[in-house]
Amino acid sequence: MADLTLSKSHAGSWRRYYELGKPKVVALILFTALVGMLLSVPGMVPWHIMLFGLLGIGLAAASGAALNHVIDRRIDAVMDRTRNRPLPTGQLETQKALVFAIAMGVVAMGILVLAVNVLTAVLTFFALIGYAVIYTVFLKRTTPQNIVWGGLAGALPPLLGWVAVTGQITVEPLLLVLLIFVWTPPHFWALAIRRREDYARAGIPMLPVTHGVAFTKLQVLLYTLMLLTVSLVPFIIHMTGLIYLVGALALGIGFVFHAYRLWRSSDDRYAMPTFGYSIVYLTAMFALLLVDHYVRMMMA
């Protein structure tokens, strides 16, 4: 009986460490990094680059997420959305979480330097510091434009994947970074509209808190229009073909529709549907890039 209790305790402990790494966020990061890898070459990516590149990028992303948990533990404790996380509830000690986060970051850098290339390691390190330190410690607490500038770190995974394979920074992966960079504000502000009371209680100057819901709704709409424009650039420069163009237009118009409906509404009932669609949009856009890439290869 004691052994069973101990086993359950260990399982619970590992689940809490797993939660520190924000696995759903890391999964999306890895998917966009994988797309960056696959788009970078006409043929298959060497298996060891794909394996170790994704492992290193994933561990670095999880490290940044865990550091975010540690730094934001007091803020998380007063927000409904985050108060049940392992640190605010006391299910995990802060010191252990910090050691876990740093260890993952160190291992990630070692893998990328030794098994991939130095440039990927450097860029991944900057992404980690950008999210865990520049955004979480400074931007998040000081400016309502926090998610705009802080979002750059979260937009880098396609570039990391591309550079892991080619060792070079070119225009194409930078366009993928731009796509995620412009996507991030309407994605996050839609959620912030719904959770504005949480952010106000925690003293975080999110846009709906500092400038009001109506202004934030307008910004969401404007950014989705900008995103629709940016999403067409890969086709314009012949990076993609007609399959991508048709899909990007359909998905972009869908995002604009959600944002317009949110802007026109007198309350926040469309905030979460807009947030939910934004996740579908980004996932579908990167899947579309892959489909377009391989169809054009087969037709070449």
Side-chain angles (χ1 to χ4, degrees), residues 9-30 58-105 108 127-155 157 184-211 213 216 220 268 271-272 274-276 278-279:
S9 174
H10 281 304
S13 176
W14 278 111
R15 279 196 294 271
R16 290 189 282 273
Y17 281 109
Y18 179 73
E19 187 180 342
L20 280 184
K22 298 184 180 180
K24 291 181 180 179
V25 175
V26 172
L28 186 57
I29 287 171
L30 287 177
L59 285 173
S63 172
L67 287 171
N68 175 266
H69 274 265
V70 171
I71 296 166
D72 276 353
R73 63 192 184 280
R74 292 185 179 86
I75 292 173
D76 288 344
V78 300
M79 295 179 63
D80 290 336
R81 184 171 67 90
T82 56
R83 63 176 50 177
N84 292 321
R85 286 176 172 177
L87 294 181
T89 57
Q91 298 174 40
L92 202 60
E93 295 176 18
T94 302
Q95 185 175 2
K96 290 181 178 179
L98 181 60
V99 170
F100 178 68
I102 293 173
M104 281 196 296
L128 170 59
I129 296 301
Y131 174 69
V133 179
I134 297 175
Y135 168 69
T136 302
V137 176
F138 299 107
L139 294 174
K140 186 175 181 178
R141 290 160 167 77
T142 58
T143 171
Q145 294 296 313
N146 46 27
I147 199 63
V148 176
W149 302 113
L152 181 59
T184 301
H187 160 73
F188 202 88
W189 283 334
L191 175 65
I193 288 172
R194 187 62 175 267
R195 299 292 185 177
R196 61 190 179 278
E197 293 178 2
D198 257 3
Y199 288 114
R201 187 163 54 248
I204 301 299
M206 288 296 174
L207 197 64
V209 176
T210 60
H211 289 68
V213 172
T216 306
V220 170
D268 63 2
M272 292 311 290
T274 303
F275 172 75
S278 71
I279 298 173

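Nearest heavy-atom pair across P185 and V148 is CG-CG2, 4.0 Å. In terms of heavy atoms, I193 sits closest to A271 at CG2-CB, 4.1 Å. Nearest heavy-atom pair, T210 versus P144, reported as atom, atom and distance to 0.1 Å: OG1-CB, 3.3 Å. Between R141 and I75, the closest heavy-atom pair is NH2-CD1, 3.1 Å. Residues L128 and A60 come closest through the heavy atom pair CD1-O, 3.6 Å. Minimum interatomic distance between G21 and V26 (heavy atoms only, all atoms of both residues): O-CG2, 3.1 Å.
Partners of Y199 according to the side chain to side chain donor-acceptor pair (under 3.5 Å) rule, which considers only residues two or more places apart in sequence or in another chain, are R81. With sequence neighbours excluded, the residues that form a side chain to side chain donor-acceptor pair (under 3.5 Å) with T89 are Q91. Applying the side chain to side chain donor-acceptor pair (under 3.5 Å) criterion to N146, with sequence neighbours excluded, gives no partner residue.
For Q145, the CD atom sits in a packed shell: over 12 heavy atoms of surrounding residues, nucleotides or ligands are nearer than 6.0 Å.
Atoms CZ and CZ, on F188 and F275 in that order, are 8.0 Å from each other to the nearest 0.5 Å. Here CG of L59 is found 9.0 Å from CG of L30. Values are rounded to the nearest 0.5 Å. From R16, atom CZ reaches atom CD of E93 across 10.5 Å, with rounding to the nearest 0.5 Å. If you take NZ on K96 and OH on Y17, they are separated by 5.5 Å, rounding to the nearest 0.5 Å. Rounded to the nearest 0.5 angstrom, L92 CG and R15 CZ are separated by 13.0 Å. Rounding to the nearest 0.5 angstrom, the gap separating the NE2 atom in H69 from the NZ atom in K22 is 5.0 Å.
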Full working for side-chain contact (heavy atoms from CB on, under 4.5 Å) between V209 and E197 = CA-CA 8 Å; V209 176; E197 293 178 2; over 6 Å; no
Kindly indicate, with the supporting measurements, whether the criterion side-chain contact (heavy atoms from CB on, under 4.5 Å) is fulfilled by R196 and T216.
-> CA-CA 11 Å; R196 61 190 179 278; T216 306; over 6 Å; no
Might you work through the side-chain contact (heavy atoms from CB on, under 4.5 Å) test for D76 and R83, ending with a clear yes or no?
-> CA-CA 5 Å; D76 288 344; R83 63 176 50 177; over 6 Å; no
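A salt bridge is defined here as a Lys NZ or Arg NE, NH1 or NH2 lying under 4.0 Å from an Asp or Glu carboxylate O, and R201 with D198 meets this definition. The pair D72-K140 counts as a salt bridge, with a side-chain nitrogen and a carboxylate oxygen less than 4.0 angstrom apart.
In this pair, Y131 and Y135 present their aromatic rings parallel. The plane angle is below 30°, not in the 30 to 60° band.
For S63 (side chain) and A101 (main-chain N/O), a donor-acceptor pair under 3.5 Å exists by modelled atom type. Using a distance-only test at 3.5 Å, with no hydrogens or angles considered, a donor-acceptor pair links the side chain of R73 to the main chain of V70.
Side-chain contact between L98 and L67 is present, with heavy atoms from C-beta onward closer than 4.5 Å.
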